[in-house]
Amino acid sequence: MIEEIFNEALTRKSVFKNRDALSPHYVPDNLPYREKQIQELSKTLAPILSGRKPENVFIYGKTGTGKTVVTKFVVKKLTEFAAQKNIPVDAVYINCRIHNTRSKVFIKIGSELLPEENFMGMSTAYIYEKILGKIRESDKRLIIVLDEIDKLKGLSDAVYSLNRANDELENGSISLIGISNNLTFKDRLDPRTKSTLLQHEMIFPPYNAESLRRILEDRAKIAFRDGAVEPGAIALVAAYAAKQSGDARYALQLLLRAGDVADEEGAERVTEKHVERAKEIVEEDIILEMISTLPENEQILLLALAKMTQEGQGIRGFGTETRITSGDLYNAYARLSETLGRDPVSERWFREYISDLAMYGIITVTQAGKGFKGNTRLIRLNFSPRKIIDVLEPRLMG
Ligand SMILES: Nc1ncnc2c1ncn2[C@@H]1O[C@H](COP(=O)(O)OP(=O)(O)OP(=O)(O)O)[C@@H](O)[C@H]1O
Ligand SMILES: [Mg+2]
């Protein structure tokens with residue numbers, strides 16, 4: 001019985017030959033439509049090879065326009081080239097969504113340069129001196145990539161102290177590459193940080209449907225078996241992603257899911273029909289991810305609503321849909337908060353949360369009309385209650 005399952009998995013046909021090539025971490029050898037940006041970034045960093053400190057770079061552009069992948073690509077080529085010529089160039093890549101304070105950034109740099117040391121709990125000043133010591137000792141030229149830099153708390157201090165290191169260093173240097181998809185972020189920087197970080201600015205424009213099609217075709221050749229994706233399917237993915245403000249990440253995610261759908265059906269080829277189904281799945285993935293980052297009170301409210309919907313409580317008579325009155329939902333929310341050991345918010349705040357969730361499209365709110373008390377509102381969940389419970393219960397209960 002178990003062997004049957006394993007055998008099935010072994011002999012199962014798949015449209016993929018290398019599914020990982022569609023994962024967000026894969027760095028392709030070819031980045032079509034970014035030749036200019038690759039050249040410009042390479043030219044800006046190249047002085048590092050002859051011992052001059054390159055200008056700091058600030059890269060911005062909408063989500064999925066290739067900022068991260070291009071930067072990683074150029075930095076990797078540069079450090080490989082330098083290593084061949086025995087030039088001490090080193091790079092540290094930092095995602096500021098994860099390392100979101102100055103102290104975390106310093107710990108990350110310190111532990112990459114000095115892996116044998118443990119910097120946890122050490123003062124920033126101590127780590128800073130250790131980093132400088134290491135740079136001096138090996139005449140190191142260090143590139144620090146601060147990706148999603150808008151998520152870094154205390155950004156000005158971090159940028160200031162990293163940049164100031166250059167004045168204290170007789171040998172070696174530190175150069176910064178800041179990356180952000182927040183188009184208004186740079187306008188909010190204070191003048192000193194702005195002039196330090198924005199020595200060289202680069203903008204990544206969004207891809208259009210034609211560029212996305214080419215990017216997808218290239219990637220499909222690596223990820224899928226020959227002829228396993230219909231050209232119409234790729235064109236459709238490109239068209240949808242172009243509408244999503246030219247987001248290449250969304251395009252690749254959609255293609256990946258379309259392949260999964262085709263596999264589930266045991267189909268030979270990925271077709272437009274699979275793309276349509278994949279689009280629903282990806283949109284749901286995006287919503288579920290968004291739900292997992294909502295403030296806790298809104299999560300509790302949503303979980304209460306999902307449970308009531310799942311149990312079929314509330315008012316029927318809207319086809320198969322369940323609607324819940326705002327009063328019933330508030331009571332359920334307050335009870336659940338107490339079960340979880342949290343203080344429920346007042347009804348005023350509750351109304352704010354309801355409008356937030358409606359704005360995100362997670363719920364729909366309608367006026368109850370006659371037969372109901374005063375300004376009773378009816379609330380409907382727009383997503384599968386099961387999925388919401390699966391996402392939120394472990395978070396809130398765990
Ligand atoms: N020109 C390109 N050729 C091939 N693949 C690309 C290209 N541009 C982007 N991609 C792919 O699209 C995805 C998104 O790119 P990337 O992560 O670089 O976007 P980003 O601009 O950093 O977005 P965000 O601001 O959301 O972080 C990645 O999987 C990347 O490999
Ligand atoms: Mg990125």
Side-chain angles (χ1 to χ4, degrees), residues 16 18-42 57-77 91-100 105 108 143-152 155 176-186 197 201-224 229 234-235 237-260 278 282 285-286 289-290 293:
F16 295 110
N18 177 8
R19 188 176 176 277
D20 287 344
L22 291 169
S23 93
H25 307 290
Y26 183 85
V27 178
D29 294 326
N30 248 329
L31 295 165
Y33 300 99
R34 283 298 175 250
E35 292 84 5
K36 259 181 24 205
Q37 285 78 7
I38 290 173
Q39 266 212 2
E40 185 179 336
L41 187 57
S42 307
V57 183
F58 181 67
I59 298 176
Y60 65 108
K62 286 191 177 165
T63 191
T65 52
K67 301 180 296 296
T68 299
V69 76
V70 162
T71 305
K72 283 189 169 170
F73 179 84
V74 171
V75 167
K76 181 162 165 264
K77 292 273 178 209
V92 179
Y93 172 86
I94 302 171
N95 187 324
C96 301
R97 193 155 29 106
I98 300 160
H99 308 276
N100 62 350
V105 164
K108 171 82 175 152
I143 298 171
I144 298 175
V145 181
L146 297 168
D147 202 352
E148 310 199 29
I149 191 170
D150 45 296
K151 303 288 183 326
L152 182 56
L155 166 90
L176 304 174
I177 302 179
I179 306 176
S180 173
N181 61 20
N182 185 327
L183 303 184
T184 59
F185 167 72
K186 77 174 174 127
L197 194 58
E201 260 183 79
M202 292 177 63
I203 305 175
F204 279 45
Y207 297 114
N208 60 25
E210 182 49 35
S211 336
L212 288 166
R213 201 172 55 75
R214 166 78 194 287
I215 291 171
L216 289 163
E217 272 168 5
D218 279 15
R219 199 68 72 92
K221 281 194 196 115
I222 310 169
F224 291 93
V229 189
I234 293 206
V237 171
Y240 281 138
K243 264 201 221 154
Q244 286 284 333
S245 66
D247 181 347
R249 180 180 303 108
Y250 177 81
L252 293 166
Q253 199 183 357
L254 200 50
L255 189 60
L256 174 76
R257 288 282 169 246
D260 287 341
V282 168
D285 285 351
I286 293 170
E289 200 184 306
M290 199 260 278
T293 60

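Note that ligands are numbered from 1 as they come in the structure, with each ligand's atoms numbered from 1 the same way.
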Nearest non-hydrogen protein atom to atom 25 (O) of ligand 1, with distance, is K67 NZ, 2.7 Å

Protein heavy atom at shortest distance from atom 11 (C) of ligand 1:
L252 CD1, 3.5 Å

Side chain, backbone, both or neither: which part of I215 comes within less than 4.0 Å of ligand 1 when only heavy atoms are counted?
side chain

List every atom of ligand 1 that sits less than 4.0 Å from any heavy atom of T63, numbering the atoms from 1 in the order shown and giving each element.
23 (O), 24 (P), 25 (O), 26 (O)

Please work out whether any backbone atom (N, CA, C, O) or any side-chain heavy atom from C-beta onward of R249 is under 4.0 Å from ligand 1, and answer side chain, backbone, both or neither.
both

Under a 4.0 Å heavy-atom limit, does P32 contact ligand 1 with its side chain, its backbone, both, or neither?
both

So is R219 in contact with ligand 1, going by heavy-atom distances below 4.0 Å?
yes

V70 N/O to ligand 1 N/O under 3.5 Å:
no

Is the shortest side-chain N to carboxylate O distance from R19 to D260 below 4.0 Å?
yes

For P28, is at least one N or O under 3.5 Å away from an N or O on ligand 1?
no

Hey, is the main chain of G61 close enough, under 3.5 Å, to the side chain of K67 for a donor-acceptor pair?
yes

Taking 2.8 Å as the cut-off, does N181 contribute an N, O or S atom near the Mg ion (ligand 2), distance below it?
no

What protein heavy atom sits nearest atom 18 (O) of ligand 1, and how far off is it?
V69 N, 2.9 Å

Under a 3.5 Å distance rule, please check whether Y207 uses its side chain to pair with a backbone N or O of T65 as donor and acceptor.
yes

Side chain R213, main chain I234, donor-acceptor under 3.5 Å
no

Show the atoms of ligand 1 that are less than 4.0 angstrom away from any heavy atom in N181.
24 (P), 25 (O), 26 (O)

Closest by any non-hydrogen atom to atom 7 (C) of ligand 1: pick that one out of Y207, Y250, F73, Y26.
Y207

List every atom of ligand 1 that sits less than 4.0 Å from any heavy atom of R34, numbering the atoms from 1 in the order shown and giving each element.
1 (N)

Does some side-chain heavy atom of L197 sit less than 4.5 Å from a side-chain heavy atom of I149?
yes

Rounded distance [0.5 Å steps], OH in Y26 versus CG in N18
6.5 Å

Is there a donor-acceptor pair under 3.5 Å between the side chain of E35 and the backbone N or O of Y33?
yes

Determine whether I177 and V75 make a side-chain contact, defined as any pair of heavy atoms from C-beta on separated by less than 4.5 Å.
yes

Which bit of D247 is near ligand 1, meaning a heavy atom under 4.0 Å away: side chain, backbone, both or neither?
neither

Under the salt bridge (Lys or Arg N to Asp or Glu O under 4.0 Å) criterion, do E210 and R214 qualify, and how do the steps go?
CA-CA 7 Å; E210 182 49 35; R214 166 78 194 287; over 6 Å; no

Taking N or O atoms only and a 3.5 Å limit, does E148 qualify as a polar contact for ligand 1?
no

